[in-house]
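Before any comments, here is the structure.
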Amino acid sequence: MNIIRSTEKLTSLALVVAVVALCSLFSPALDLPACAEESTDLYFNTPGMPQGPAAPAPHETAYPRIGSSDSRLLVWFVTQLHTYFGGFVLALPLFCALLEFLGLITKKPAWALRYDGLARDLAKVALLALSVTAFIGSLMLTIFITLYPSFMKYMGGTFKSFMPVYAAVFVGESLLLIVYYYSWNRMAERGRKWIHAAIGILTNIVGTALLLLANSWSAFMMAPAGVDAQGRFLGNVWHLLHSAFWNPLNVHRFLADIMSGGAVVLAYACYRFFTAKTNEERAYFDWVGYIFLFVTVCALLPMPIAGYWLMRSVFVFRQTMGVTMMGGLLTWLFVIQAMLIGVLFLGINYYMWQGMARLKGAERYQPYYQFVLGGLTLALFIWLTPHTLMMSGSEVKAMGGAQHPVIGNYGVMSAKNGAINVILLFTALSFLYYRRASRTMTVSWVRTGNIVIAVLFAIGMLNVIGLSVYGYYLPAKIRVGLSAPQAFTTFTVIAVGLIINRIMLTRAVVHGPVQWGKIPFRGMVVLFGLSAAFTWVMGLMGFIRSSGRLSWHVSELMADVSPWAFTPDLAFAAKMVTLNMVVFWGAVLALFWMCQRGQQPVMGEEFHDAEAPILSPVPSQET
């Protein structure tokens with residue numbers, strides 16, 4: 001049971017950090033200006049003397065071509081592939097550091113060896129993936145300079161002070177990752193192991209700094225800052241860096257990178273589970289899939305809130321951009337994105353309930369699954385309901401308008417916020433059931449604790465639903481602000497519920513150890529589908545964010561007047577995102593294959609088929 005205990009610690013810590021981060025992030029966000037005119041004064045009319053080049057006029061912009069190729073599609077493909085690999089390289093060292101830390105704090109030598117072995121294997125993949133990322137990044141830079149010379153000249157001249165910093169940070173990240181991997185065996189002793197873990201933490205800090213610098217360019221292209229109306233740099237690098245979207249984009253992409261990186265490891269674990277020839281190997285990759293699903297879920301839980309913060313910043317900076325993305329040209333892409341997120345949460349809950357097959361005594365909780373599934377389905381229907389429908393002219397006339405008189409109410413942002421928060425609460429409830437599945441609690445206040453948890457979740461759901469209904473009576477610009485108290489309610493309920501549940505499980509009676517590899521085949525099939533959905537939705541959201549600029553390289557500063565400029569429709573965008581995902585997955589799985597050749601997974605005593613003792617009490621430190 002030590003693995004579940006360690007995972008719960010990791011999940012609880014992530015939730016607490018998420019609560020603190022979201023509270024600190026939303027506090028300044030609520031004070032942002034409420035109209036486009038104010039944001040223009042805030043981000044363009046900053047003090048300073050023009051020092052950089054002005055954005056080129058349309059007649060000054062050059063677009064060389066390579067034969068009859070479509071430059072836009074080539075840049076799109078390479079840039080998205082580089083983004084996927086960049087997120088993967090950022091996520092893997094983070095996974096390594098977390099696993100190494102779990103290996104250091106566990107009191108079981110076999111589990112410590114297992115955590116450390118998996119972390120070392122992932123570090124080897126990360127080192128090779130870094131080389132591939134650098135190659136694709138160089139290719140992307142070459143393509144931009146060749147096909148978009150005017151754009152690169154302006155961006156390079158404006159951000160020239162950041163170029164050497166970015167190069168130094170990238171070199172530092174590479175050197176630290178090399179030292180981190182090749183010093184693994186040399187620093188295997190207990191005292192040196194903490195120093196080695198500190199190197200891993202430093203590697204992740206530098207990697208995060210690399211992500212922040214890259215995000216500053218993307219954020220500037222959508223919401224330019226630190227420049228005048230002609231695009232000339234005004235001399236303050238902090239203003240240039242700290243654009244309107246920089247903070248929300250940093251949070252959103254950091255979580256997205258963890259999700260997409262974890263999804264690839266999930267897919268690899270599922271593939272190895274399906275092709276395993278021994279029970280021990282199947283059990284090991286069942287364990288790997290479980291671990292990385294919960295790491296990925298820790299990033300998924302605050303993702304909807306981070307997305308709302310990013311879109312709120314879009315509306316604050318330019319309402320027309322926000323309307324284009326969520327109420328205009330790109331609306332149905334958000335519907336597809338909502339559907340995928342709903343599928344993710346349904347799949348996660350299904351996997352957890354299927355995973356109870358590993359736990360003896362879990363069958364007593366199976367009747368509760370129907371109620372959880374009913375609540376999830378109802379919330380998912382509201383989450384997927386569009387504000388307006390695709391109808392013919394005669395249908396609009398017969399209905400009296402584009403908005404349906406009933407379901408149109410569930411398409412507003414207030415209802416969406418409530419639905420996704422209810423889904424989060426039901427997902428947390430499934431996790432609590434999973435934690436209890438193979439245990440019988442022995443504390444004297446079990447009934448009281450159950451009542452407290454039930455009341456806590458009931459009050460939290462009622463508060464979230466009440467705020468959603470209250471939002472119907474508020475203007476849209478005020479209604480969006482209700483996402484903050486709803487998010488705070490949700491994460492408070494989840495964190496407090498996990499803490500109370502953990503205390504109630506102290507010295508619980510265990511029905512038997514986790515029987516890894518015993519999960520039904522359909523559970524791992526769902527897990528593989530989840531990994532595909534994680535990666536696909538990240539690519540789709542990146543396309544939506546970039547397409548919000550429409551006909552601009554840099555919003556309202558540098559127009560895109562290339563002959564191949566266009567905004568793709570839903571079908572074309574889906575095909576491109578799918579192509580990128582398939583190529584990325586193929587390349588990464590090939591990296592895993594090359595790094596894992598000749599290696600045997602570290603199993604451990606709990607991965608062998610042995611009859612588990614019935615109702616064997618365990619001390620509190622092993623529960």
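The first residue of the sequence shown is numbered 1, and numbering continues consecutively from there. Any value given below was found using the heavy atoms of this structure, including those in side chains, with hydrogens, waters and symmetry copies removed.
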*For side chain to side chain contact (heavy atoms under 4.5 Å, CB included), just list the numbers for Lys124 and Asp121, CA-CA rounded to whole Å, side-chain angles, deciding distance to a tenth of an Å, and then say yes or no.*
CA-CA 5 Å; Lys124 184 177 181 180; Asp121 291 344; 5.8 Å; no

*Intermediate values then yes/no, salt bridge (Lys or Arg N to Asp or Glu O under 4.0 Å), Asp116 and Lys193*: CA-CA 10 Å; Asp116 196 72; Lys193 195 63 178 172; 2.7 Å; yes

_Worked check of side chain to side chain donor-acceptor pair (under 3.5 Å) between Glu100 and Tyr180_ = CA-CA 12 Å; Glu100 187 176 18; Tyr180 184 57; 2.7 Å; yes

_Does Phe292 form a side chain to side chain contact (heavy atoms under 4.5 Å, CB included) with Ser531? I'd like the steps, not just the answer._
CA-CA 10 Å; Phe292 277 92; Ser531 62; over 6 Å; no

_Quick one, Asn580 with Phe584, criterion side chain to side chain contact (heavy atoms under 4.5 Å, CB included). Give me CA distance, side-chain angles, the key distance, then yes/no._
CA-CA 6 Å; Asn580 271 112; Phe584 169 67; 6.0 Å; no

_Could you walk me through whether Ser218 and Leu249 satisfy the side chain to side chain contact (heavy atoms under 4.5 Å, CB included) test, starting with their C-alpha distance in whole Å, then the side-chain angles of each, then the deciding distance to 0.1 Å, before giving a yes or no?_
CA-CA 9 Å; Ser218 300; Leu249 187 61; 4.0 Å; yes

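Formation of a donor-acceptor pair under 3.5 Å by the Asn204 side chain with backbone atoms of Pro93 is found in this model. At least one donor-acceptor pair closer than 3.5 Å links the side chain of Asn421 to the backbone N or O of Asn417. Between the His196 side chain and the Ala188 main chain, no donor and acceptor come within less than 3.5 Å of each other. Formation of a donor-acceptor pair under 3.5 Å by the Thr278 side chain with backbone atoms of Glu281 is found in this model. Side chain of Arg120 to main chain of Asn185: no donor-acceptor pair is present (N/O by atom type, distance under 3.5 Å, no hydrogens or angles). Within the 3.5 Å criterion, the main-chain N or O of Tyr271 finds a donor-acceptor partner in the side chain of Thr275. Although no hydrogens or angles enter the test, the distance criterion places a donor-acceptor pair under 3.5 Å between the side chain of Trp246 and the main chain of Leu212.
For the atom pair SG (Cys270) and CE (Met524), the distance works out to 4.0 Å, reported to the nearest 0.5 Å. With rounding to the nearest 0.5 Å, the separation of CG in Leu527 from OH in Tyr290 is 12.5 Å. Remark: Leu176 CG to Ile201 CD1 distance equals 12.5 Å, nearest 0.5 Å. In this structure, Leu340 CG and Leu530 CG are separated by 11.0 Å, a value rounded to the nearest 0.5 Å. Asn250 CG to Ser216 OG: the interatomic distance, rounded to the nearest 0.5 Å, is 8.5 Å. Going from atom CG of Leu92 over to atom OG1 of Thr203 covers 12.5 Å, rounded to the nearest 0.5 Å.
Of all heavy-atom pairs spanning Gly497 and Leu432, the tightest one is O-CD2, 4.1 Å. Residues Gln354 and Ile519 come closest through the heavy atom pair O-CG1, 4.0 Å. When all heavy atoms of Ile423 and Ala379 are compared, the closest pair comes out as CG1-CB, 3.6 Å. Closest approach of Leu104 to Ala197, counting heavy atoms only: CD1-CB, 3.9 Å. Among all heavy-atom pairs drawn from Ala269 and Gly289, the shortest one is CB-N, 3.9 Å. Residues Ile494 and Ala428 share a closest heavy-atom pair of CG1-CB, 3.7 Å.
Ile199 is listed as a side-chain neighbour of Met187, based on a closest heavy-atom distance under 4.5 Å. At a threshold of 4.5 Å between non-hydrogen side-chain atoms, the residues Leu300 and Thr296 do not count as touching. Residues Ile503 and Ile499 meet the side-chain proximity criterion, which asks for heavy atoms closer than 4.5 Å. Side-chain contact check for Met504 versus Ile500: some heavy-atom pair is nearer than 4.5 Å. Counting heavy atoms from C-beta outward, Phe88 and Asp257 have side chains that stay 4.5 Å or more apart. Side-chain contact between His252 and Met303 is present, with heavy atoms from C-beta onward closer than 4.5 Å. By the 4.5 Å heavy-atom criterion applied to side chains, Tyr365 and Trp353 are counted as neighbours. Within the 4.5 Å cutoff, no side-chain heavy atoms of Tyr369 are placed close to those of Met352.
Side-chain rings of Trp76 and Phe543 approach one another, their centers coming within less than 6.0 Å. Not less than 6.0 angstrom separates the ring centroid of Phe273 from the ring centroid of Phe528. Centroid-to-centroid, the aromatic rings of Trp287 and Tyr284 come within less than 6.0 Å.
In this structure, Phe285 and Tyr268 have perpendicular ring planes: the angle between them is above 60°, well past the 30° mark. Between Tyr434 and Phe431, the ring-plane angle classifies as parallel under the 30° and 60° cut-offs.
Checking each of Thr208, Leu211, Leu213 against Val169 for a side-chain contact (heavy atoms from CB on, under 4.5 Å) leaves exactly one that passes, namely Leu213.
Shown here is Arg364, whose CZ atom has more than 12 heavy atoms of other residues, nucleotides or ligands within 6.0 Å. The neighbour count for Phe274 CZ, taken as heavy atoms of other residues, nucleotides or ligands under 6.0 Å away, is above 12.
Applying the side-chain hydrogen bond (donor to acceptor under 3.5 Å, both in side chains) test to every pair with at least one member in residues 77-96, sequence neighbours left out, gives no pairs at all. Among residues at least two apart or in separate chains, there is no side-chain hydrogen bond (donor to acceptor under 3.5 Å, both in side chains) pair with a member in residues 126-138.
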Check residues 341-348 and write down every donor-acceptor pair under 3.5 Å in which the side-chain atom is one partner and the other belongs to a residue at least two apart or another chain.
none

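Looking at Arg436 and Asn501, their side chains do bring a donor and an acceptor atom within 3.5 Å of each other.
Both tests do not hold together for Arg358 against Trp516: distance to the six-membered ring centre under 6.0 Å, angle to the ring axis within 45°.
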